[in-house]
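This report refers to the structure that appears directly beneath it.
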There are 2 protein chains.
Amino acid sequence: MELEEAKRKFIESWGKLGSEWGINRTMAQVHALLLISPDPLTTEEIMETLRISRGNANMTLRDLIGWGLIEKQHKPGERKEYFFADKDVWNIAKQVAKERRKRELEPVIKVLDELSKVTGDDRDPEFATFNKSVTDINKLAKNVDKTLETMLGAEENWFWGGIFKMFK
Amino acid sequence: MELEEAKRKFIESWGKLGSEWGINRTMAQVHALLLISPDPLTTEEIMETLRISRGNANMTLRDLIGWGLIEKQHKPGERKEYFFADKDVWNIAKQVAKERRKRELEPVIKVLDELSKVTGDDRDPEFATFNKSVTDINKLAKNVDKTLETMLGAEENWFWGGIFKMFK
DNA sequence: TTAAACTTTCAAAACTTTTTGAAAGTTTAA
DNA sequence: TTAAACTTTCAAAAAGTTTTGAAAGTTTAA
């Protein structure tokens, strides 16, 4: 396969993966494009390469900055803004985990905590089943949360070494 | 909070979480409803409680069975089909991880493997950047895959005990 | 100041996904 | 057989999401 085709394929795949993971397709594609660009790109260049509108490009770039995945850069003597992506895959994974934890896990845990407080008669099957599911899921969510927290604070090397060895 | 309100809230939250995680809202809501039902429910009951159409209910129930999250049950002497959810949270997490691994991770790894094979001149920054990102992401994806595989094969208890201790 | 170069906004349009509901299909009991 | 009870299908409609592009806003250099 030739480099240009490979690049296109990479952008396409990353976009698809993104849309399965709550990051929208264009956002993931712009990210992919910046990931494989040795130099920072302008809005104009991104619009052209991915054939997207100015408005879309601007919004997407802003979102990506919000996710901590890309940064603005200014070249001395130039008015234009350049964008570049952090190329460190471990950082990317960490950022995504961090954001999703904040955006999705935290609100759910808040609701579950509230729902765990509901009281009732344990001999009432309606209550008992509700209560068991809610408490179990709450425990699971808290466990995941704690795990993420620890992972985010941990150092990079254990990851590349393979966490999985620990479960053997 | 009163039990009925709590149930509604649980179904709503689970639905929201589902839609952020690639499982559609109705599917997650039906699952939530079955999770907190002490007894199996019929299509009719589910339609009524969640105010969804017959077609939608039928499709959703089929999908949930496909994900391994619920099962059909027959009551002796009755024509109707009843549905019930596995209430074991660890099983639920395992099933979801298993399915997503198969549906999403595997195809990506396949593409990345292909893209890793692309050759070029390492002094060409275009190639070098592309290659580094692709290989790094490939390593990450494989690592996640391996971790999932091990987790899925592992026993339940280490999870409830808290994996996170291992990262301390 | 001014105007050129650039960025941001947002209502409307395009596209995608989900849901509906009526019709077709299947199973069972009599 | 038949018909009632139930399940499945799928084209069209509704709902939800993303994208466009023109207009408004901002910054900078002169």
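Sequence lines set the chain letters: A, B, ... in the order given, protein chains first and strands last, and positions in each chain run from 1.
Using a 4.0 Å cut-off between charged side-chain N and carboxylate O, A:K117 and A:D113 make no salt bridge. The existence of a salt bridge linking A:E12 and A:K9 is excluded, since no basic side-chain nitrogen approaches an acidic carboxylate oxygen closer than 4.0 Å. Salt-bridge check for B:R101 with B:E149: passed, with a basic side-chain N closer than 4.0 Å to an acidic carboxylate O. Using a cut-off of 4.0 Å between Lys/Arg side-chain N and Asp/Glu carboxylate O, B:E20 and A:R103 are scored as not salt-bridged.
Taking atom CD on A:E20 and atom C1' on C:dT16, their separation rounds to 15 Å, with Å as the unit. Distance B:Q73 CD to D:dC6 P: 17 Å, rounded to the nearest Å. Between the CG atom of A:D63 and the P atom of C:dT7 there is a distance of 17 Å, rounded to whole Å. At whole-Å resolution of the value, CG in A:L50 and C1' in D:dT20 are 15 Å apart. One interatomic measurement links the two molecules: CG of A:L61 to P of C:dT9, which rounds to 13 Å at whole-angstrom precision. Here the P atom of nucleotide D:dC6 and the CG atom of B:L41 are 16 Å apart, to the nearest Å. Per the geometry, CE belonging to A:M59 stands 13 Å off P belonging to D:dT17, to the nearest Å. Straight-line distance from the CD atom of B:E78 to the P atom of D:dT7: 11 Å, rounded to whole Å.
Listed candidates were C:dT19, C:dT9, D:dC6. Nearest to the side chain of B:K80 is D:dC6. Checking D:dT7, C:dT8, D:dT18 against every side-chain atom of B:N58, the shortest atom distance belongs to D:dT7. The side chain of A:R79 has C:dA5 as its nearest neighbour among C:dA5, D:dT7, D:dT19. Nearest to the side chain of A:T26, among C:dT20, D:dT18, D:dT7, sits D:dT18. Between D:dT19, D:dT7, C:dT7, one nucleotide has an atom nearer to the side chain of B:E81 than all others, and that is D:dT7. Considering only the side chain of A:R54, C:dT8 comes nearest among C:dT8, D:dT19, D:dC6. The side chain of B:N56 lies closest to C:dT20 when the candidates are D:dT20, C:dT20, C:dT7.
When both pairing distances are held under 3.5 Å, D:dT19 makes a Watson-Crick or G-U pair with C:dA12. In this structure, C:dT26 and D:dA5 make a Watson-Crick or G-U wobble pair, each of the two defining distances being under 3.5 angstrom.
In this model, the phosphate group of C:dC6 is not approached by any side-chain N or O of A:T43 to a distance below 4.0 Å at OP1 or OP2.
Each of A:R25 and A:R62 has a nearest nucleotide on DNA chain C; the 5'-most of these lies closest to A:R62.
Taken to the nearest 0.5 Å, the OG atom of B:S19 stands 9.0 Å off from the CD atom of B:Q29.
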